[in-house]
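As the structure is a prediction and not an experimental result, all values here were calculated from the model. To find a chain, count down the sequence lines: A is the first, B the second, and so on, and within it residues start at 1.
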There are 2 protein chains.
Amino acid sequence: MDDMSNLDLPLARKLSTFIELKEEDLLMLTRLHENNRIVEAGSGLEHQGAIHHKAYILRKGWVFSYKLLKDGARQIVDFQISGDFLGLRSLLLRTSDHSFEPITQIEVSEVTKEHLKLCFEMSPRLAAALLWAASRDEAMVVEHLIDIGRRSAIVRTAHFLLELGVRLELVGLADRNGYHCPLTQYLLADALGLSAIHLNRCLRKLREKNLLSFQGGQVTYLDFTALTRLADFDSDYMDHEKPILH
Amino acid sequence: MDDMSNLDLPLARKLSTFIELKEEDLLMLTRLHENNRIVEAGSGLEHQGAIHHKAYILRKGWVFSYKLLKDGARQIVDFQISGDFLGLRSLLLRTSDHSFEPITQIEVSEVTKEHLKLCFEMSPRLAAALLWAASRDEAMVVEHLIDIGRRSAIVRTAHFLLELGVRLELVGLADRNGYHCPLTQYLLADALGLSAIHLNRCLRKLREKNLLSFQGGQVTYLDFTALTRLADFDSDYMDHEKPILH
DNA sequence: CGTCGGGTTGATAACTTTCAAATTTCGTGG
DNA sequence: CCACGAAATTTGAAAGTTATCAACCCGACG
């Protein structure tokens, strides 16, 4: 059935959690996924300040978006997972303000300005849903900001990993026990604004307290309730409702 | 002339920097500004988790958006100035994820879900421009994230104040000498993820180095070039082009 | 005049980074 | 299956940054 092949797309799965995707929306979604590429881990996708006017839908794999500072420090802004957009903003603004790099081998669908225009014209419902998804992503950057600004290193670590878990659940890549996570401690540290060494100690503390373990590419919740309590975790900001155009 | 009265709106001024506002756009913009309110400094506008489904355009004054943590700490996510949106996201998602509070007396125009719908239908150009503006605001939250995550306290302070200056320039409230700034050191500290005491020392250092002074509600650049160099400041991420729908 | 919010300063404590090095893990070729 | 090298993780010790606590100053305001 056509529906099945479409809901096979992580983005469709994500969107369909919130709006009922109609025939024309699924059609448009399929068109957005026509131009596919596979990119190997480690290759730069887009460079700071480069003019691209291209965006991607991440179908499979992990990516991080980051910015390098002139002193060589790196701040990771976000990790992207299946169903997320890459560089949607660079379609709207002249410069792309940060760079992307695949953590694993990834599969992406290229989305052009023309795609988006078409989408706005042919299926405004879908366009609104996409903007809703983008808006939701923004909400998570805000939470990330709060993590870094006002939470202690250990709380911050716990909170971030929980948040990541909820996102992965949305596309079926996590459950209440934990999830597979290909991040190195260096990557995670650069996301959390910590040194890798200190992060390592925080992870150890979380493990020793029997709250969460992050080993061998696997995040495991050891005591979910206690963990959310420690992390001051509240998934409300990811709560969902239909977007404005239904 | 009608144009003049419209460009008198800070939002119109901001948008018109990037797209040519046509008759129908200005008309729609005017409609968005029909329902006005004045709110005194210090009164809460919207509470964490409250369901509002209302947004505002800030016409005059300063607002901060923030989140309180359960341990009482406060992280300020952003300051809003003339022409900025308040709570646009709460129109799209069920919960508003953080609270707003006016710093000064403010003038706002209330924008409802219906307004936005109408806007999408009647003037998609304008709708796109509004989304562009929102996207631009998001880009600034990202820069703010980088400030907090990987810049030292003093660089962070300088960078943030420069960024604020550029935003104020867009609506005619700053020039290359500096700007009026009603923030207290406590507010600024909570935005930067610093203690007020440490921020105070950073400000002193910036003053002693003859880079920037922040006193008596006035930010003054003492040596703009040296300041941008210290702050690793690059306004590229705020660069502008026409939004996708022209 | 007294209070209050904001700003400033010093001393101390806590947290986090940096540097250096040992250990473990993992992919690859022998 | 084992050896090897590279990458990732872990630990210790020392240094640096930032927070916290406790005052004190100052101007606005009733």
Pick base, sugar-phosphate or nothing for [X], based on heavy-atom distances below 4.0 Å to the nucleic acid.
X: A/A153; result: sugar-phosphate
X: A/R201; result: base
X: B/G216; result: nothing
X: A/I197; result: base
X: A/T184; result: sugar-phosphate
X: A/G217; result: nothing

Without decimals, in angstroms, what is the distance between [X] [atom1] and [N] [atom2]?
X: B/L203; N: C/dT9; atom1: CG; atom2: P; result: 11 Å
X: B/K205; N: C/dT8; atom1: NZ; atom2: P; result: 15 Å
X: A/L194; N: C/dT17; atom1: CG; atom2: C1'; result: 10 Å
X: A/Q185; N: C/dT16; atom1: CD; atom2: C1'; result: 16 Å
X: A/L199; N: C/dC15; atom1: CG; atom2: P; result: 17 Å

ask   = Is there a side-chain contact between B/F224 and B/T228 (heavy atoms, below 4.5 Å)?
value =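 B/F224 reaches B/T228 side chain to side chain.
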query = Roughly how far, to the nearest 0.5 Å, is the CG atom of A/L86 from the OG atom of A/S65?
reply =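 Answer for the OG-CG pair, A/S65 versus A/L86, is 8.0 Å.
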ask   = Mapping B/Q215 and A/R156 to their closest nucleotides on DNA chain C, which lands nearer the 5' end?
value =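 By nearest-heavy-atom nucleotide position, the 5'-most residue is B/Q215.
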query = Is the phosphate of C/dG7, meaning OP1 or OP2, less than 4.0 Å from a side-chain N or O of B/N200?
reply =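 For C/dG7, OP1/OP2 do not have a side-chain N/O of B/N200 under 4.0 Å.
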inquiry  = Does B/D84 form a salt bridge (charged side-chain N to carboxylate O under 4.0 Å, His left out) with B/R167? I'd like the steps, not just the answer.
reply    = CA-CA 10 Å; B/D84 284 349; B/R167 287 175 62 188; 2.6 Å; yes
query = Can B/R204 and B/E208 be counted as an ion pair, charged N to O under 4.0 angstrom?
reply =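 A salt bridge is present here (some side-chain N lies under 4.0 Å from a carboxylate O).
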ask   = Would you call A/D190 and A/R74 a salt bridge, taking side-chain N to carboxylate O under 4.0 Å as the test?
value =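 A salt bridge links A/D190 with A/R74.
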task = Could you please name the option among C/dC19, C/dT16, C/dT9 that lies closest to any side-chain atom of A/H198?
result =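 The answer is C/dT16, which lies nearest to the side chain.
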ask   = So, A/N36 versus A/S109: side-chain donor-acceptor pair below 3.5 Å or not?
value =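 Note: A/N36 and A/S109 side chains meet the donor-acceptor criterion.
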key: Donor-acceptor under 3.5 Å (A/K14 side chain, A/G83 main chain)   =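 Yes, the answer is positive, given that a donor and an acceptor are paired below the 3.5 Å cut-off.
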request  = Return the 5'-most residue of the pair A/R207, B/S152 with respect to DNA chain D, ranking by each residue's nearest nucleotide.
outcome  =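 Nearest nucleotide further toward 5': that of A/R207.
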Start and end of chain A contact along DNA chain D [non-hydrogen atoms, under 4.0 Å] =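 So the outermost contacting nucleotides come out as D/dA8 to D/dA13.
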